[in-house]
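One structure is given here, and the rest of the page talks about it.
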Amino acid sequence: MKIALGADHGGFELKEKIKTHLIKNGYEVLDLGTNSSDSVDYPEFGHAVGYTVAEKKAEFGIVICGTGIGISIAANKVTGIRAALCTNTTMARLTREHNNANILALGGRIIGDILALEMVDTFLTTEFQGGRHEKRITKIENV
Ligand code: RB5
């Protein structure tokens, strides 16, 4: 399974840790930057991951900025993207089960590394439940 990663300078360090973790666990990683702690603009990376997932060049995306807020807003501008900003593993599970989220957004300055990796694992291994949730997602897509 291929995962697209994107972060600004506030998420760079956590992105590198997630990248190592994913590769160790057999995932293919498409790293769309940034590649240092130098200041950059999070929308560029949110959009890049959003388009990559929307165009099915990766199954899922993970985006990280300082809070996770700006980059999730940017990713959600791309049609077909459901980027979910999560701060715990319950949210990471439920956003897959109920929202069929295709991008996980994290705050590199908000959460610890161990929690972040647990959320990544939960997000990538939880299936969408479909059923009653399907029509709600269709209502989102129709706007
Ligand atoms: C960058 O300083 C910071 O604004 C950004 O990483 C993010 O938190 C925006 O939502």
**OP:** Give the minimum heavy-atom separation between M91 and T87, together with the two atoms involved.
**Re:** SD-OG1, 3.4 Å
Subject >> Hydrophobic cluster membership, I23 vs M1, 4.5 Å side-chain cutoff >> reply: yes
Subject >> Least distance between heavy atoms, Y27 atom then I3 atom >> reply: CD2-CG1, 3.8 Å
**OP:** Say whether I18 and V63 are linked into one hydrophobic cluster, either directly or through other cluster members, by side-chain heavy-atom distances under 4.5 angstrom.
**Re:** no
Original post:
So, do L22 and L5 sit near enough that their side-chain heavy atoms are less than 4.5 Å apart?
Top reply: yes
**OP:** Looking only at non-hydrogen atoms, find the nearest pair between A75 and A83 and report the distance.
**Re:** CB-CB, 4.0 Å
**OP:** For E127, check salt bridge (Lys or Arg N to Asp or Glu O under 4.0 Å) against everything at least two apart and list the hits.
**Re:** none
Original post:
Is the backbone N or O of A101 less than 3.5 Å from a side-chain atom of N99, with the two atoms forming a donor-acceptor pair by type?
Top reply: no
**OP:** Sort and list the pairs that fulfil salt bridge (Lys or Arg N to Asp or Glu O under 4.0 Å) and have at least one residue in residues 32-58, not counting sequence neighbours.
**Re:** E55-K57
Subject >> pair N25-L124: side-chain heavy atoms closer than 4.5 Å >> reply: no
Original post:
After noting the C-alpha distance and the side-chain angles of K15 and D31, does the key distance pass the side-chain contact (heavy atoms from CB on, under 4.5 Å) rule?
Top reply: CA-CA 9 Å; K15 174 176 72 66; D31 185 350; 2.9 Å; yes
Original post:
What are the two closest heavy atoms between I64 and G11, and how far apart are they?
Top reply: CG2-CA, 3.4 Å
Original post:
With K17, which residues qualify under salt bridge (Lys or Arg N to Asp or Glu O under 4.0 Å), at least two apart?
Top reply: D113
**OP:** Flag the pair N102 / N100 as yes when at least one side-chain heavy-atom distance between them is below 4.5 Å, and no otherwise.
**Re:** no
Original post:
Which heavy atom of G68 sits nearest a heavy atom of A105, and at what distance?
Top reply: O-CB, 3.9 Å
**OP:** Quick one: closest heavy-atom pair of Y42 and I71, and the distance?
**Re:** CD1-N, 3.6 Å
**OP:** Following the transitive rule for hydrophobic clusters with a side-chain heavy-atom cut-off under 4.5 Å over Ile, Leu, Val, Met, Phe, Trp and Tyr, establish whether V53 and Y51 coincide in one cluster.
**Re:** yes
**OP:** Give a yes or no on whether L104 and L94 share a hydrophobic cluster (residues Ile, Leu, Val, Met, Phe, Trp, Tyr; joining criterion: side-chain heavy atoms under 4.5 Å apart).
**Re:** no
**OP:** Any ring-ring contact (aromatic ring centres under 6.0 Å, His included) involving residues 98-134? Give me the pairs, sequence neighbours left out, ordered by first then second residue.
**Re:** F60-F123, H98-H133
Could you list the donor-acceptor pairs under 3.5 angstrom formed by side chains in residues 115-122, with sequence neighbours left out?
| unit_1 | atom_1 | unit_2 | atom_2 | d |
| --- | --- | --- | --- | --- |
| D121 | OD1 | H21 | NE2 | 2.8 |
| D121 | OD2 | H21 | NE2 | 3.2 |
| T122 | OG1 | E118 | O | 2.9 |

**OP:** Can you run down the side-chain hydrogen bond (donor to acceptor under 3.5 Å, both in side chains) pairs that involve residues 67-85, sequence neighbours left out, and say none if there aren't any?
**Re:** R82-E141
